[in-house]
Amino acid sequence: MSVVIHTENLTKFYGKNRGVIDLNLEVLQGEIFGFLGPNGAGKTTTIRTLLDFIRPTHGSATIFGLDTRRDSLRIRKRTSYMLAELALYENMTGAEFLRYFIHLRGDVDWRFVQELAERLKSDLSQPIRSLSRGNRQKIGLIQALMHRPELLILDEPTSGLDPLMQREFYNMITEARDEGRIVLLSSHLLPEVERVCDRVGIIREGRLITVEHVVNLKERALRRLEIRFAAPVTDEVFAGLPGVSEVHIENNVFHCTVMGSLDPFIKAVARLPVMDLISHQPSLEEVFMAYYGGGDDYVE
Amino acid sequence: MLSNVFLKTLRDWRLSLPLWGIGMALLALWVMGLYPTIGESYADMMEDLPPALAIFVGEAADMASAEGYLSAEMFSFMVPLLFLVLTVGFGGSTIAREEEQGTLDLLLSNPIPRWRVVLEKFAALVVITMLLALTLWLGLVIGATIASVEISFLRMAESTFSGALLGLAFGALALALVCATGKRTWGIGIPAVLGIASFLLDGFAPLVEALEPYRKLSPFYYYSGAEPLANGLNPVHVAVLLGLTLLLLAVALIAFERRDLAV
């Protein structure tokens, strides 16, 4: 499969402050690539370097085989961008804003814009200053999708959208992928990335820790469980079960962390009188700790 | 109105531009229209004025003439002040505001080069400044006609044009500073300070021997030193102001192309 985005030892410092360090990233043709990391890990720095808003301290990057510095215009012609901290022109309506951007790009069918607006239930006649955050995000998404770009670079695009709209958005980018578009989706939400991405790169403190297929990530999925039993239990029941750790019993309530398949664990628990079972989605930090250990120098 | 950055910038001015225009035209009309009423007592007052002050209100040889009056009341201070407020305010905020508010990232994710955004915004400033110069001149012409003041319309146009050129030079300076630093405080603060300093330098230089050799460093000298209201535009002075503007614009284009954009 051909490589669409390629970074080579991409490094960015802001004065003495770390942006990203020696980032080697490859995004392939036809995939939704999740770029996962906590806030401040360097996701936005990477993306803004790819779009030539900021310049690498050293290292380089190519998109479609074109240098992100020298050929930025040719790259931007084929790429769209959308970010969480979206700022739009307050004195325009949604329609005016989109028409402005269409003029700057050319070659957009207004009917397609209307189609997108309908799907996202976005009212383009409203002045942007009167729109809620979620409704602004929709305008941002429409501008990212309207010119049918080959590559979509989306920086935490779903923040501010309600769950229903998030689902619609996930459908839209999955469709975009199925049409052959490539998506780079940055996120700090593991479930989001697991849900829509094909591969995931995990970035922490400016360094790319690993790149995984989502399937593998799910196999190693981490869950914190809390089970309330009708009668006191001992931890012997759970001894020797694969992937179970951090066991801790308090009266009739049992806490533990399970990595990977839940099946053996559930079957073992099933023999006991279960009153309640709660599964917590672990935070990204917990995932990092479990997969990669350490975290002493972790900074929020 | 939305087909490019230039037109979009003009569109953003669709409310302020008429207000500025009305303000400038009314001011010109007012000052010109008052001349027959206060012209005579004004001439007496000017004769009593200490030379240090007189120099600031104009150097026209004949204070009692309409040219002397207009030079003192309009062109020595008011016209450059208005043009500088306009151009420095514009140049110091047009890119900076987009960068601070975050719209610049999205704008530049479109396939347009950075230099073109700066150039189109500056082109919009040129148009706005020239339109306002025109309304100011129209105010003067109408005022002179109503009050039957004998004064050359052409010379008034030349003087106004010279003020617009001075404004554009300072506007280009503000733009260059913002393009280089991304900071609105720099883009407005430094040109404001330099504007005042060069106004004072040009005003005091004829009085203070030590300053005289430096007078030609002040852009104000090239605005009014040759007295365009009396003598018409001095081609060399016009060329200096235009050259300065183009130089600063080039600095703006290059500096903006090279630096990291703020989030």
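Order of the sequence lines fixes the chain letters, A, B, ..., with proteins taken first and strands second; residue numbering starts at 1 for each chain.
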Margin query: For B:F153, I'd like to know if atom CZ has over 12 heavy atoms of other residues, nucleotides or ligands within 6.0 Å.
Written below: yes

Item checked: Atom CE of A:M172: over 12 foreign heavy atoms under 6.0 Å -> yes

Next item on the list: Sort out for me which of A:L86, A:I153, A:L83, A:L73 touches chain B most, counting heavy-atom pairs under 4.5 Å.
Entry: A:L73

Notebook entry, point to check: Looking only at heavy atoms, what is the nearest atom pair of A:A87 and B:G102, with distance?
Noted result: CB-C, 3.6 Å

Notebook entry, point to check: Hey, are the side chains of B:L106 and A:F101 touching, using non-hydrogen atoms and a 4.5 Å cut-off?
Noted result: yes

Show me, pair by pair, the donor-acceptor contacts under 3.5 angstrom made by side chains of residues 243-254 of chain B, not counting sequence neighbours?
unit_1, atom_1, unit_2, atom_2, d
B:T245, OG1, B:A169, N, 3.4
B:T245, OG1, B:L241, O, 2.7

Check: At what distance, to the nearest 0.5 angstrom, does CG of B:L2 lie from CD1 of A:I102?
Finding: 10.5 Å

Item checked: Contacting region of A:I75 [heavy-atom separation from chain B under 4.5 Å] -> neither

Next item on the list: Rounded to the nearest 0.5 Å, what's the gap from CG on B:L261 to CD1 on A:I54? Could you check?
Entry: 9.0 Å

Item checked: Side chain, backbone, both or neither of B:L7 within contact of chain A (heavy atoms, under 4.5 Å) -> neither

Would you enumerate the inter-chain donor-acceptor pairs between chain B and chain A whose distance is below 3.5 Å?
unit_1, atom_1, unit_2, atom_2, d
B:R11, NH2, A:E96, OE1, 2.9
B:R11, NH2, A:E96, OE2, 3.0
B:D12, OD1, A:N91, ND2, 3.1
B:E98, OE1, A:Y89, OH, 2.7
B:E98, OE2, A:Y89, OH, 3.2
B:D105, OD1, A:R48, NH2, 2.9
B:D105, OD2, A:R48, NE, 2.9
B:D105, OD2, A:R48, NH2, 3.3
B:L108, O, A:R76, NH1, 2.6
B:S109, O, A:R105, NH2, 3.0
B:N110, O, A:R76, NH1, 3.0
B:N110, OD1, A:R105, NE, 3.2
B:I112, O, A:R76, NH1, 3.0
B:R114, NH2, A:D52, O, 2.7
B:R114, NH2, A:F53, O, 3.1
B:E257, O, A:R55, NH1, 2.8
B:E257, O, A:R55, NH2, 3.0
B:R258, O, A:R55, NH1, 3.1
B:D260, OD1, A:R55, N, 2.8
B:D260, OD2, A:K12, NZ, 2.4
B:L261, N, A:F53, O, 2.9
B:L261, O, A:R48, NH1, 3.1
B:L261, O, A:R48, NH2, 3.2
B:A262, O, A:R48, NH2, 3.1

